[in-house]
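Numbering of residues begins at 1 and proceeds along the displayed sequence. The analysis underlying the following values was restricted to heavy atoms, covering all of them including side chains, and did not include hydrogens, waters or symmetry mates.
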Amino acid sequence: MSKHIRSVHPRVSNPVNPQEDFADRWGTAEGRALQLEQNFHNWLTQARADFGHVAKPKDRGFFEEQAQQKFGARI
């Protein structure tokens, strides 16, 4: 996902509509106050860690537990 973040507009373009910018609020006063860009990068870092952790299950029970904890998914 980080490969799709650009330094120019659109920063994160919609693959279906490249003119739409998913990050259009990052540069607004509200977006800066809410630290939207930093929060997105924090989320991305955590998502990578979670997916990496879940991708290395020790057993079926571990996988099911992690899917429930990290993603709220019951499998």
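Looking at residues two or more places apart in sequence or on another chain, you find a side chain to side chain donor-acceptor pair (under 3.5 Å) between R25 and E30. The side chain to side chain donor-acceptor pair (under 3.5 Å) check on Q46 picks up D50, with sequence neighbours excluded.
Ion pairing between a basic and an acidic side chain is recognised when a charged N comes within 4.0 Å of a carboxylate O; R11 and E37 show such pairing.
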Verify side-chain contact (heavy atoms from CB on, under 4.5 Å) between H41 and S2, making sure each step is shown before the conclusion. CA-CA 9 Å; H41 289 286; S2 61; over 6 Å; no
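Within the hydrophobic cluster formed by Ile, Leu, Val, Met, Phe, Trp and Tyr side chains joined at under 4.5 Å, directly or through other members, I5 is accompanied by M1, V12, F22, W26, L34, L36, F40, W43, L44.
With rounding to the nearest 0.5 Å, the separation of NE2 in H4 from CG in N14 is 12.0 Å.
Scanning all heavy atoms of the two residues, the minimum distance from D24 to T28 falls at O-CG2, 3.9 Å. Closest approach of P10 and P18 over heavy atoms only: CG-O, 3.4 Å.
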